[in-house]
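I have placed the structure first, in the form of structure tokens, so that the comments after it can refer back to it.
Both counts, for ligands and for their atoms, begin at 1 and track the order of listing.
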Amino acid sequence: MPHVVTQACCGDASCVYACPVNCIHPTPDEPDFGIAEMLYIDPNTCVDCGACVTACPVGAISAGHRLTEGQERFIDINASMYGMTRSGAAGPDIGLTEARFPVDRGRRLPLAPIAHPDALDVDGAVSVGIVGSGPSAMYAADDLLRYPQVSVTMYERLDRPFGLSRFGVAPDHQSTRSVMRLFDDIARNPRLEIRLNTEVGRDVTLDELRRRHTAVIWAGGAPTDKPLPIDGADADGVTSATSFVGWYNDHPDFADLDVDLSGREVVVIGTGNVALDVARILVRDPDDLADTSISATALSALRTSGVRRVTVLGRRGAEHAAFTLPELVGLVDGGIPVTVDAQDLPSPGSTTDPTSRTKLEVLAEIAARPVPTGPHIRFAFGRAPREITVVDGRARGVVVDRPDGFQELLDAGLVLTSIGYRGRPVPGLPFDADRGVIPHDAGRVRDESGPVPGMYVTGWIKRGPSGFIGTNKTDSGETVASLVDDLESGRLPVRASSRRSLLRVGRR
Ligand SMILES: Cc1cc2nc3c(=O)[nH]c(=O)nc-3n(C[C@H](O)[C@H](O)[C@H](O)COP(=O)(O)OP(=O)(O)OC[C@H]3O[C@@H](n4cnc5c(N)ncnc54)[C@H](O)[C@@H]3O)c2cc1C
Ligand code: SF4
Ligand code: SF4
């Protein structure tokens, strides 16, 4: 049985470059790459060599016969992208016939290109400062350090590196978190120094960095929540999912967060993957979390939790749910009790998009199951939050507008808002306030008068809070390519002081 990509895929495309027969799509140079929810293996072309398994940093690929029970649906999910229906494993027939990635089987596909960078065509040493140490920073450093003349200094405000791959990814998603092993490998390069507890703008200014380094890349992420613009949103008991995630992931900024889990009902506003993460953590058996990286405080709070139901609230219909298919499948087939009202679901045939259609099929399957009796997640689609009811300063429920024109009050002892992230303006750099990003041309920071010399950007603060960990690899690749091009063309001068300045920074 061919190999299969499963839930943990974070889209870094390492497997694409490892595969000898180019059967993993979309590749970074195919149009769907930026929007695909994961990558998919063409079962007819795969020759079962296993090269992709070794290349994958998060263990997302398995031989078909090695899949665990909860992963079998991924056989269909991979095959369906190539217009094939199911292959004989357990699970429903998803019955798709059109291919998202049609493959011309009469033609040998070209292998994906592998870059072999030479030494930089510049005279002297290059020192690059990177602000942040999240995935985008690590991928940028990895790309830069292939050039022997380059040294990188990373500045990270927290006491531990790697950004949201440590402080965002859920503790029970161990395989995704294992991407930090790759980042550890990158960090072992002697030409990379990571300076922890160093906030740019507080401990060192951006101007200082720009004087010290040949170039500076801002990779500070998009750390702010979008606000929920309804009455009651500032009451006690209303918390952003960001803070809650930080709390259970041991983020130092959220160690003292007041999380009250004594009520039976929690409402999560939003239907993205982060909403599913927080809902799942709230209903999971704490014993299943004990061996993960979850914070001790969160684990002990969950052990005494009174929460029995977590309602994941979607303003729009189920066909517009923001979570990805792999996350939904991971939840449902991973044994987490979930329920949804059949009357809230449109028919799968109402959408032509194969991924949305499969999501609706999975949801319909859930709706046909008996309502779980223990702690569980309930999806409530098509209900727009209107107001949070507050008693004695504390949230007690969420009033929602239903599609039938009526209002409904959902009880809630805790309300978690998960409606997206935004970047914050960086003093001294231009900012697009509408999109919450730093404006750029292929990673070169740009203001009204053109490129800001020596200043680059990557990651969420460059493209907005979208995509997976691996998406930052292609994103940072673009930024580094621009930086290298500027160096080699002489637009970015290599100063004689770069090396001395780097050594001084290293001893600070
Ligand atoms: C809750 C959550 C769960 C997620 N789960 C997954 C998942 O399961 N799988 C997946 O593929 N993707 C997941 N993602 C997406 C993934 O984490 C992001 O794509 C990725 O982390 C973005 O990388 P980044 O480097 O742009 O930003 P970040 O990861 O946010 O890194 C930015 C870094 O910059 C530092 N920093 C900021 N300002 C400064 C400053 N002034 N000075 C010094 N340092 C600074 C921050 O402390 C941080 O370490 C998740 C995201 C969230 C929010
Ligand atoms: S097992 Fe080999 S042929 Fe199959 S997808 Fe992986 S690398 Fe490609
Ligand atoms: S995480 Fe990367 S290497 Fe692994 S399956 Fe996804 S794209 Fe391929």
Side-chain angles (χ1 to χ4, degrees), residues 2-24 28 36 38-43 45-61 63 78 130-140 154-158 160-170 173 175-177 179 195-204 206 218-223 241-242 244-246 249 251 253 272-274 277-278 324 326-327 418 420-421 423-424 426-427 457-463 465-473 475-476:
H3 280 58
V4 177
V5 182
T6 65
Q7 186 197 350
C9 176
C10 72
D12 76 340
S14 298
C15 52
V16 170
Y17 297 100
C19 178
V21 293
N22 202 5
C23 68
I24 310 176
M38 55 185 270
L39 269 63
Y40 309 90
I41 291 176
D42 173 3
T45 313
C46 173
V47 295
D48 269 338
C49 70
C52 53
V53 177
T54 319
C56 180
V58 295
I61 305 182
N78 280 247
I130 301 183
V131 182
S133 67
S136 66
M138 296 312 296
Y139 288 125
M154 242 174 227
Y155 301 85
E156 169 55 58
R157 62 176 284 269
L158 298 177
R160 281 156 289 164
F162 312 149
L164 290 170
S165 56
R166 184 188 302 279
F167 294 114
V169 176
H173 278 176
S175 50
T176 306
R177 293 179 66 87
V179 76
R195 310 189 72 211
L196 299 172
N197 297 309
T198 310
E199 181 168 334
V200 177
R202 186 192 62 190
D203 304 310
V204 57
L206 181 57
W218 194 279
T242 313
F244 186 72
V245 166
N249 271 335
H251 189 304
D253 291 357
N273 284 348
V274 176
D277 280 348
V278 298
T324 58
E327 287 304 318
S418 182
Y421 291 82
R424 267 200 295 256
V426 175
V457 63
T458 187
W460 270 16
I461 190 65
K462 171 188 176 191
R463 67 176 192 281
S466 65
F468 306 97
I469 289 174
T471 318
N472 299 290
K473 185 173 164 189
D475 196 2
S476 293

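- In terms of the side chain to side chain donor-acceptor pair (under 3.5 Å) criterion, residue partners of Lys473 (sequence neighbours excluded) are, by chain and number, Ser14.
- With a 4.0 Å cut-off on non-hydrogen atoms, Ile61 touches ligand 3 through its side chain and not its backbone.
- The ligand atoms of ligand 2 that sit less than 4.0 angstrom from a heavy atom of Pro20 are 7 (S).
- Here the shortest heavy-atom distance to atom 4 (Fe) of ligand 3, taken over Cys56, Ala60, Gly11, belongs to Cys56.
- With sequence neighbours excluded, the residues that form a side-chain contact (heavy atoms from CB on, under 4.5 Å) with Leu164 are Trp460.
- We find the CG-CZ distance between Asp203 and Arg195 to be 9.5 Å, quoted to the nearest 0.5 Å.
- For the side-chain contact (heavy atoms from CB on, under 4.5 Å) with Asn78, the lone residue among Val4, Ile61, Asp42, Thr6 that qualifies is Val4.
- Distances below 4.0 Å separate heavy atoms of Leu39 from the following atoms of ligand 3: 7 (S).
- Nearest protein heavy-atom neighbour of atom 2 (Fe) of ligand 3: Asp12 OD1, 2.1 Å.
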What short N/O contacts, under 3.5 Å, does ligand 1 make with the protein, listed by atom pair and distance?
residue, atom, partner, partner atom, Å
ligand 1, 11 (O), Ile469, N, 2.8
ligand 1, 12 (N), Ile469, N, 3.4
ligand 1, 19 (O), Trp460, NE1, 3.2
ligand 1, 19 (O), Asn472, ND2, 3.2
ligand 1, 25 (O), Ser136, N, 3.1
ligand 1, 25 (O), Ser136, OG, 2.7
ligand 1, 26 (O), Ser136, OG, 3.4
ligand 1, 26 (O), Trp460, N, 2.8
ligand 1, 29 (O), Leu164, N, 2.9
ligand 1, 41 (N), Val200, O, 3.0
ligand 1, 42 (N), Val200, N, 2.9
ligand 1, 44 (N), Tyr155, O, 3.4
ligand 1, 44 (N), Arg157, N, 3.1
ligand 1, 47 (O), Glu156, OE2, 2.6
ligand 1, 49 (O), Glu156, OE1, 2.6
ligand 1, 49 (O), Glu156, OE2, 3.2

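- By the criterion of a heavy-atom distance under 4.0 Å, the backbone of Ala13, and not its side chain, is placed next to ligand 3.
- Given atom 6 (Fe) of ligand 3, the protein heavy atom at minimum distance is Cys9 SG, 2.4 Å.
- Looking at atom 8 (Fe) of ligand 3, its nearest protein heavy atom turns out to be Cys15 SG, 2.2 Å.
- Any protein N/O/S atom under 2.8 Å from atom 4 (Fe) of ligand 2 was counted, giving 1 altogether.
- Atoms of ligand 3 lying under 4.0 Å from at least one heavy atom of Val5, given by number and element, are 5 (S).
- Each of the following atoms of ligand 3 lies closer than 4.0 Å to a heavy atom of Val58: 1 (S).
- Among all non-hydrogen protein atoms, the one lying nearest atom 1 (S) of ligand 3 is Cys10 N, 3.3 Å.
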